[in-house]
Amino acid sequence: MAKNLVIVESPAKVKTIKKFLGKNYEVTASNGHVRDLPKSNLGIDVEHDFEPKYITIRGKGDVLAALRKEVKKADRVYLATDPDREGEAISWHLSKALNLDDKNTKRITFNEITKSAVRDSLKHPRDIDMDLVDAQQTRRMLDRMVGYRISPLLWAKVKRGLSAGRVQSAALKMICDREEEIDAFIPEEYWSLEVRLALKGEKKLITAELAGDRNGRIRIENEDQMNTILADLKGVAYTVLEVKKGERRSKAPLPFTTSTLQQIASSHLNFSTKKTMSLAQQLYEGVDIKGEGTVGLITYLRTDSTRVSDEAKSSSAEYISRVYGPDYVGDNDTGTPNGGHIQDAHEAIRPSDIRRAPAKVKDSLTRDQFRLYQLIWNRFVASRMTPAVYETTSVLIGAGDYRFRTSTSKLSFPGFMSVYSLDESRGDKTMLSNSLEPGVALDCRELKPERHFTQAPAHFTEAALVRAMEEAGIGRPSTYAPTITTLLARRYIIKEGKNLYVSELGEVVNKIMKDEFGTIVDEQFTANMESLLDGIEAGDVEWKMVIRNFYPDLDSAVKTAEENLEKVEISDEVSDEVCELCGRNMVIKYGPHGRFLACPGFPECRNTKPLLEKIGVTCPQCGGEIVLKKTRKGRRYFGCENAPDCDFMSWMKPVNERCPRCGGYMVEKGNKLACADSDCGFVMSADNKEPA
C-alpha cells in the first residue's frame with residue numbers, strides 16, 4: 001500500500017488529523033515557517049530585480065532533517081498548511097527546502113479540522129497557488145523594506161531598539177490623530193427637557209421628551225433658551241395628538257469574522273486581541289473532548305467573510321428546528337457584506353459541528369476556551385435564526401407650540417435573542433396605557449430640564465482600533481492582533497483599562513514618520529497597498545511591479561531623511577539637574593517609557609531619576625511649579641512639583657490664565673483655551689483672549 005505523508009503547520013493538529021486518516025498516512029508538522037529573509041541584512045537583491053534571498057530559519061535545521069527522512073519514505077506528499085496566504089507560502093517554502101517533486105506533491109486545504117473536511121480535502125488536491133504565494137512574498141518584502149530602511153534612522157534620532165512598520169506606523173498615526181482630536185475637543189453646551197405626565201385620576205407617570213415645536217426639531221443651546229421654553233409652557237394644556245402602534249424587527253447578527261470576533265471578545269469578555277486569537281487557534285487546532293478524543297471545535301479563524309457553506313446552513317436549520325422550533329429557523333443571507341476590502345477566501349468563523357453545544361463540551365475546556373467557544377457558537381446559531389419582533393407604541397403630545405414624544409417597545413417574539421443578545425434590553429416590560437388616544441388630556445406633574453455637554457471622541461480600545469483599521473482597509477484578518485501587540489511591545493502605546501493611549505515615545509516616532517515618511521503612514525496609501533496585494537492574489541497584478549514601484553520612492557525618502565538627520569547633532573540633551581552622587585550635570589535620555597534623567601558618568605555612576613519638565617505654569621492649588629509627569633505605564637499628565645503634599649493633576653496642559661467666568665484654571669484645547677471645569681464651559685481664543 002502506498003505511503004502518504006501529510007505535512008501540517010502546527011504539532012497540535014498532528015494527532016487529530018492522524019486519527020482521521022488512518023495507518024496509510026503519516027502526519028507531521030513543520031512548526032510554522034522554515035525559510036525566511038535573513039535577519040542580518042535586507043535580504044532583497046535590489047540590483048537584480050528585487051529577488052528575495054531566503055535562508056533556513058535558525059533552529060529549523062533539525063525540523064527539516066526530520067521532514068526529509070519522512071519524505072524519502074513517502075510515495076506522495078500532501079502539504080496541508082493553513083488555508084491562507086501565509087499557509088500557501090509555507091507550503092511553497094517547504095517544497096523548495098525539501099526539494100519536493102512537483103509530480104508527487106500536492107496542496108490540500110480544509111477550513112475545519114473535522115474527519116469529513118480533512119478526508120474531503122484529499123479528494124481535491126491541487127498545485128501550490130503561486131498567486132497566493134506571491135501576495136504573501138510581496139507583503140513580507142514591503143514590510144522588510146520599510147522596517148530595515150527606516151528603523152536605523154529611528155535608532156539614530158531616538159534610541160536603539162525602535163522599529164517602523166508599514167501597517168504598524170499607519171495604525172500608530174491613527175491613534176495619535178485620535179489623541180490630538182480629543183485634546184483639541186471643545187465641549188458644546190446643550191439642554192434637554194423631560195416632562196412627567198399622568199392620565200387624569202391615575203398615579204402612574206408617563207415620561208416624555210421634548211421633540212421640538214410645531215415647525216419641527218429644535219436645539220436648546222443655553223440656559224436662556226431653556227428658560228424661555230419653560231416660561232412658554234407655564235399653564236399650557238398637555239394633549240395626546242397622535243398614537244402610533246407598530247412592529248419593529250431586529251435582524252439576526254452576521255456570523256463572526258476575525259475582526260468582529262476580536263471586537264466582541266474585547267468588549268464583552270475583556271479579552272485582548274492577542275488572547276482571542278490564541279484561544280481561537282486552540283479551538284481550531286483541536287481540544288481533547290471527553291468521549292470523542294481531539295476535536296477541532298471551530299472553523300478557520302482568519303477570515304473577513306460572513307459566507308456560510310450549504311452544509312452548515314442545512315445542519316443549522318435542522319438543529320434550530322428541533323431544539324427551538326420551526327418558527328425560529330431563519331433564511332438569512334450571510335454572504336459577504338458590502339465593502340472593497342473583503343477577500344472572501346474562507347467561511348465565517350463558526351462551530352465545526354452545531355450539535356456540539358457549549359454545555360456538552362464545557363467540562364473539557366478551560367474557562368476562557370469555553371467562554372470564547374460559547375460566544376462563537378451562540379453567534380452562529382443566532383445568525384441562522386429569525387429576527388426578534390417587538391410591539392411598539394409611539395405617542396406625540398402637544399403642549400402649546402411645543403411637542404413631546406414618548407415610546408415603548410415590548411418583545412413579542414424573541415427569535416435569535418433566545419440564543420444571543422449582547423444588549424440585555426428587550427424593550428420595556430410594560431406598554432403605555434391603552435387609554436392614551438388622540439384628544440386625551442394629561443396632567444403635568446413635573447418639568448425636568450437638564451444641562452449636557454457634547455463628549456469628546458472616545459479613546460481607542462483594541463476593539464475600536466480593529467474596527468477602524470478594518471474600515472480604513474489597513475491590514476487584514478491575520479495582521480490586526482500582531483499590529484496592536486507590536487505597538488504595545490514597543491511601548492509606542494499604553495493600555496490602561498480597555499483604553500489605548502499614545503506614549504511620549506510613540507509621539508516622537510509618529511512625528512518622525514509623518515515628517516519624513518508621510519506617504520507610508522498615510523491610511524489611504526496603506527489601504528491601496530492592501531488592494532494591490534489582493535490584486536496579486538487574484539492574479540490581476542504582477543507582484544514584482546508592486547515592489548519596483550514602491551522601492552524607489554522609499555529609497556528617495558530615506559536618503560532625504562538621512563541628509564536632514566546629518567544636520568542635527570544627535571547627542572544627549574544636558575539638563576540643569578545636578579547628579580547628587582557625582583556632581584555632573586545629568587542628561588536627558590530615552591527609555592521604554594519615554595525621557596528620563598541619567599548621569600553621563602555611566603557606567604561609573606548609574607544614577608537615574610524621572611524627568612520633571614517644568615512648563616512655566618503656576619499650580620492653581622499651592623503656587624508651586626507645574627511639571628510634566630508620566631504614569632507608571634508611561635501616559636503623560638501634568639502635576640505639581642510639590643506632590644504628594646499637593647494633589648493637583650490634569651490630563652490637559654494647564655495655562656496661567658484664569659477663567660473670567662468662574663475663576664478656575666484653564667487648559668489648552670488646540671488653538672483655544674477652555675475652563676477646566678466642564679460645568680462652566682467657558683472657551684476663548686488662545687491668540688487674542690476673546691471669548692470663542
Side-chain angles (χ1 to χ4, degrees), residues 175-194 210 218-231 447-461 494 496-504 507 612-631 634-692:
I175 299 170
C176 290
D177 289 349
R178 174 63 63 87
E179 293 297 303
E180 290 176 7
E181 192 180 351
I182 293 170
D183 289 346
F185 180 80
I186 305 293
E188 293 183 6
E189 181 182 359
Y190 70 99
W191 289 70
S192 64
L193 179 62
E194 282 187 353
L210 179 67
I218 57 174
R219 179 179 173 84
I220 311 171
E221 297 181 347
N222 53 56
E223 191 172 7
D224 290 340
Q225 285 179 268
M226 176 55 73
N227 288 335
T228 299
I229 293 171
L230 292 174
L447 282 167
K448 190 178 178 183
E450 192 167 350
R451 186 189 192 195
H452 309 273
F453 288 93
T454 54
Q455 297 297 305
H459 292 281
F460 275 123
T461 61
I494 305 146
E496 292 186 0
K498 286 189 175 184
N499 289 338
L500 301 175
Y501 302 93
V502 64
S503 68
E504 183 182 16
E507 288 177 348
L612 300 179
E613 185 179 338
K614 296 180 180 179
I615 64 170
V617 176
T618 303
C619 175
Q621 288 184 194
C622 74
E625 286 273 0
I626 297 296
V627 293
L628 177 62
K629 297 185 174 184
K630 288 187 282 291
T631 65
R635 186 183 174 195
R636 298 197 308 171
Y637 70 97
F638 299 90
C640 182
E641 65 176 349
N642 295 326
D645 295 330
C646 177
D647 62 358
F648 173 83
M649 78 83 64
S650 171
W651 293 115
M652 307 302 300
K653 185 178 180 180
V655 296
N656 281 320
E657 295 285 336
R658 285 284 177 168
C659 174
R661 180 181 292 171
C662 72
Y665 73 94
M666 302 190 74
V667 295
E668 290 185 2
K669 288 277 188 178
N671 62 353
K672 293 183 172 62
L673 302 180
C675 182
D677 185 353
S678 59
D679 289 336
C680 172
F682 181 80
V683 179
M684 67 183 186
S685 168
D687 298 326
N688 54 27
K689 305 296 189 292
E690 292 293 325

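Just so you know, these numbers use all the heavy atoms, side chains as well, and skip hydrogens, waters and symmetry mates. Remember, predicted model here, so these are calculated numbers, not experimental data.
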Would you give the length of the straight line joining atom [atom1] of [X] to atom [atom2] of [Y], rounded to the nearest 0.5 angstrom?
X      : Y      : atom1 : atom2 : answer
Asp183 : Lys669 : CG    : NZ    : 7.0 Å
Arg636 : Glu179 : CZ    : CD    : 10.5 Å
Ile186 : Lys672 : CD1   : NZ    : 6.0 Å
Trp191 : Glu221 : CH2   : CD    : 13.0 Å
Asp677 : Met666 : CG    : CE    : 11.0 Å
Ile229 : Ile218 : CD1   : CD1   : 4.0 Å

Considering non-hydrogen atoms only, spot the tightest contact between [X] and [Y] and give its length.
X      : Y      : answer
Asn222 : Gln225 : OD1-N, 2.9 Å
Ser503 : Ile494 : CB-CD1, 3.6 Å
Gly624 : Asn642 : CA-ND2, 3.7 Å
Arg178 : Ala458 : NH1-O, 2.6 Å
Ile626 : Cys619 : CD1-CA, 3.6 Å

Quick one: does [X]'s side chain get under 4.5 Å of [Y]'s, heavy atoms only?
X      : Y      : value
Glu641 : Lys614 : yes
Pro449 : Asn227 : no
Leu628 : Phe638 : yes
Pro654 : Ile615 : yes
Glu189 : Phe453 : yes
Asp647 : Gln621 : yes
Cys659 : Met684 : no

(message) For Phe648 and Tyr665, take the angle between the two ring planes, folded into 0 to 90°, and tell me which bin it lands in: parallel under 30, tilted 30 to 60, perpendicular over 60.
(response)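 Perpendicular, since the angle between the ring planes exceeds 60°.
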
(message) Which label fits Tyr501 and Trp651: parallel for a plane angle under 30°, tilted from 30 to 60°, or perpendicular past 60°?
(response) parallel

(message) How about CD on Glu625, more than 12 heavy atoms from neighbouring residues, nucleotides or ligands closer than 6.0 Å, or not?
(response) yes

(message) Taking CD in Glu223 as the centre, count heavy atoms belonging to other residues, nucleotides or ligands within less than 6.0 Å. Is the count above 12?
(response) no

(message) Checking Thr454 against Phe185 for the side chain to side chain contact (heavy atoms under 4.5 Å, CB included) test, could you report, in this order, the C-alpha distance in whole Å, the side-chain angles of both residues, the deciding distance, and whether it holds?
(response) CA-CA 10 Å; Thr454 54; Phe185 180 80; 3.4 Å; yes

(request) Please confirm whether the backbone N or O of Cys680 pairs with a side-chain atom of Arg661, one donor and one acceptor, at under 3.5 Å? (result) yes

(message) Is it the case that the side chain of Asn656 and the backbone of Gly616 share a donor-acceptor pair, with hydrogens and angles ignored and the cut-off at 3.5 Å?
(response)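 Yes; at least one donor-acceptor contact below 3.5 Å.
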
(message) If you apply the rule side chain to side chain contact (heavy atoms under 4.5 Å, CB included), what do you find for Val667 with Ser650, and how did you get there?
(response) CA-CA 9 Å; Val667 295; Ser650 171; 4.1 Å; yes

(request) Would you sort out whether His459 and Leu500 count as a side chain to side chain contact (heavy atoms under 4.5 Å, CB included), showing the intermediate values? (result) CA-CA 6 Å; His459 292 281; Leu500 301 175; over 6 Å; no

(request) Quick one: do Met226 and Arg451 satisfy side chain to side chain contact (heavy atoms under 4.5 Å, CB included)? Show the steps, please. (result) CA-CA 9 Å; Met226 176 55 73; Arg451 186 189 192 195; over 6 Å; no

